[in-house]
Amino acid sequence: MVITRFAPSPTGRFHVGVARTALFSYLWAKKNNGKFILRIDDTDKERSKIEYEEEIKAGLNFLGIKYDEIFRQSDRIARYKEVTDWLIENGFAYRCYCSPEELERYRQEALRKKMNPRYPGTCRSRKDFPKDKPFAVRFKVPDDIFTVEFEDLVMKKISVNSEEIEDFTLLRSNGLPTYNLASVVDDVDFKITHVIRGADHISNTPKQILLFRILGHIPQFAHLPLILPDEGEGKLSKRVESINSIYILDLKKDGFLTEAVTNHLARLGWAYKDKEIFSMDELIQLFDISEVNRTPARYNFKKLYWLNSEWIKILPDDILIQRLSEFLDFSDTTAEKIKQILPAVKVRVNSLLEMANMIKPLLSVETYDEEGVKEFFNETGKYILEELKEKLATLSDGENSRLEFDKILSELSQKYNVKKVFVAQVLRLALYGKLVSPPLYEVIRVLGIDETVKRIEKVIQRI
RNA sequence: GCCCCCAUCGUCUAGCCUGGUCUAGGACAUCGGUCUUUCAAGCCGGUAACGCGGGUUCAAAUCCCGCUGGGGGCGCCA
């Protein structure tokens, strides 16, 4: 059985790069009817924060990524210690008494001399074990020169000379394991078949393979090219009402649909022919880890934005309204009204937030656009509204009413010698409070004749 | 400094493995046009790429080498 895991460290916010790794890992497991495990890599107790862990879980939940199992590395400290002891006993690891300060000095020195800043192996063959001195435990890389080679599912063949691998730390002097140890032990214990992670881990892999070999289980590796940031542009922030767009929970807040986000994430470094729109089910069906690109991809916010508008058009009205309730308060009866105008709204918005903002004036008009008031709420506007009030009151319900409505606008336009657009805008502003709205006819239908007349009257009063 | 990886329109990519069908396809963005009571959406059309240099071959985006460029790593961080 395929078992994958997503192993974030709760040391920062949950962003699109990390989320993409989670997605691919999830997709690969589900595609193979396997298991997907969430592992919280919280062995760095200084930097790990519970709120980040919560954000990861909330983010995964939003993305529709469900894990079959979850655990924290901080709950398995004893196990890592046990493995470390065993490694020392069997000569695969040794105690290192070098102080962090000493090592840091050595590192700086080496860097200054433009030499390799690698551990010099000071304690490698040390025979004394001072009882009072703290020690870390290091892996003992075999002396003979050999090549560590592995077939990466994404990067293909990668090979590293053993001379390039230093005696890396397994256990810190505070008794906590390092990433390399904990990760390998867990991958072995949980029988992980595919380690899918960011390309920033490529250089850790040869080290880990050495450990895997000793522990007797070597998973397959798939290193995903990193996602580069989108060079943001000012224009967008105006429309989307948020610039901070790389964090999953912010996207949620800004009204992005999970379908759109997973869709875009999946297309970063992966493609299936010319297909652009993928549902989660399609992704599970079509995704192939070995077809992932090896080139870093740039996060494309505008494309995500477009995808969001596409998904708004695809999703059934009922689901949309349900999601909309996170952004707008409305009753069940109002929901029916919203449903009525949804087709007209859908094609005009790119996010749930925009959708909520477009529907709000339909529920009640609080203010009128200032520019519009100056331009349309004048003498002529008043006469037109008064006529409109009478004529719209008689608007029928039949199939022809749309034409009737259009005729009313045309006639008024002629009578008052103004452009038809003037008549329309006067009415729009009166009914909706803004100069941009869904089509007027739809607005009137949703408001109902009574409310339409009431809103017109209210405006006539104020002119 | 050393190590690893990568290289097609501005961006995401198809094609590359199994050379010819590629005068390089799609999508986002962008620019025109069309429709129109606003704003959108839709429809039609345009601009735009195989990083450079050597090979191999009848033939290279596709195979090989070098250069350049980009990314990642070199912690008692993950």
Side-chain angles (χ1 to χ4, degrees), chain A residues 7-9 11-12 41-44 46-48 96 98-100 103-104 107 110-119 134-138 152 154-156 158-161 163-166 168-174 176-180 182-183 197-206 223 225-226 228 230-231 233 264 267-277 293-307 309 313 344-350 358 372 405-406 409-410 413 419-429 432 434-441:
Chain A
S9 63
T11 54
D41 282 11
D42 59 348
T43 54
D44 182 344
E46 268 79 47
R47 296 200 304 147
S48 295
C96 171
C98 302
S99 74
L103 292 172
E104 184 54 26
R107 253 175 61 81
L111 274 152
R112 212 184 59 236
K113 287 185 188 160
K114 297 198 192 289
M115 309 252 294
N116 256 343
R118 263 193 264 122
Y119 177 66
F135 63 87
V137 176
R138 283 178 184 276
D152 192 282
V154 172
M155 298 296 175
K156 308 307 167 194
I158 293 178
S159 66
V160 174
N161 195 296
E163 288 173 299
E164 299 300 328
I165 307 171
E166 68 175 329
F168 56 98
T169 304
L170 300 171
L171 207 69
R172 297 176 248 238
S173 49
N174 66 5
L176 293 177
T178 62
Y179 165 73
N180 280 318
S183 180
R197 75 226 306 192
D200 48 339
H201 285 299
I202 289 176
S203 59
N204 281 324
T205 309
H223 289 94
L226 264 26
L228 274 28
D230 182 348
E231 235 96 59
E233 278 177 54
H264 184 240
R267 285 287 283 93
L268 254 30
W270 177 81
Y272 180 78
K273 299 181 181 170
D274 283 344
K275 197 169 159 62
E276 293 288 348
I277 308 290
N293 281 317
R294 293 185 271 177
T295 339
R298 205 169 282 280
Y299 170 63
N300 189 339
F301 186 72
K302 282 187 179 173
K303 191 147 190 180
L304 169 60
Y305 194 54
W306 169 76
L307 238 14
S309 75
K313 286 168 205 152
V345 173
K346 273 166 124 175
V347 295
R348 269 158 250 270
V349 295
N350 290 37
M358 184 162 278
F405 172 70
D406 191 61
L409 293 192
S410 300
S413 146
K419 283 187 180 154
K420 199 169 164 190
V421 72
F422 184 89
V423 181
Q425 290 302 70
V426 169
L427 182 58
R428 190 186 311 282
L429 193 61
Y432 194 80
K434 295 181 184 180
L435 293 176
V436 174
S437 81
L440 277 175
Y441 182 77

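None of the values given here were measured: they were computed from a predicted structure. Throughout, a chain's letter reflects where its sequence line sits, starting with A, and its residues are numbered from 1.
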Tyr179(A)-His201(A) aromatic ring centre distance below 6.0 Å: yes

Test: Arg138(A) cationic atom under 6.0 Å from Phe168(A) six-membered ring centre, within 45° of axis: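 Output no; distance or angle outside limits.
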
Check whether any side-chain N or O of Thr169(A) sits under 4.0 Å from OP1 or OP2 of rC76(B), and answer yes or no.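 Checking rC76(B) against Thr169(A), a side-chain N or O does come within under 4.0 Å of OP1 or OP2.
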
Going 5' to 3' along nucleotides 43-51 of chain B, which nucleotides have protein heavy atoms under 4.0 Å from the base (write B), which only from the sugar-phosphate (write S), and which from neither (write -)? ---------

Classify every nucleotide of nucleotides 64-69 of chain B by which part a protein heavy atom approaches to under 4.0 Å, writing B for the base, S for the sugar-phosphate alone and - for neither, in 5'-to-3' order. ------

Using a strict cut-off of less than 4.0 Å between a Lys/Arg side-chain nitrogen and an Asp/Glu carboxylate oxygen, indicate whether Lys303(A) and Glu276(A) qualify as a salt bridge. yes

Identify the nucleotide, in any strand shown, that forms a Watson-Crick or G-U wobble pair with [N], with both distances under 3.5 Å; if there is none, say none.
N       : value
rC43(B) : rG33(B)
rA7(B)  : rU68(B)
rA24(B) : none

Check nucleotides 7-16 of chain B for protein N or O atoms closer than 3.5 Å to its own N or O atoms and list the pairs.
{"unit_1": "rU11(B)", "atom_1": "O2'", "unit_2": "Asn300(A)", "atom_2": "ND2", "d": "3.3"}
{"unit_1": "rC12(B)", "atom_1": "OP1", "unit_2": "Arg298(A)", "atom_2": "N", "d": "2.9"}
{"unit_1": "rC12(B)", "atom_1": "O2'", "unit_2": "Arg267(A)", "atom_2": "O", "d": "2.8"}
{"unit_1": "rU13(B)", "atom_1": "OP1", "unit_2": "Gly269(A)", "atom_2": "N", "d": "2.3"}

Within a reach of under 6.0 Å around OH of Tyr272(A), are more than 12 heavy atoms found that belong to other residues, nucleotides or ligands? no

For Asp406(A), check side-chain hydrogen bond (donor to acceptor under 3.5 Å, both in side chains) against everything at least two apart and list the hits. Lys420(A)

Sorted by chain and residue number, the side-chain hydrogen bond (donor to acceptor under 3.5 Å, both in side chains) partners of Lys346(A) (sequence neighbours excluded) come out as Asp317(A)

Any residue meeting salt bridge (charged side-chain N to carboxylate O under 4.0 Å, His left out) with Lys434(A), in chain and number order, not counting sequence neighbours: none

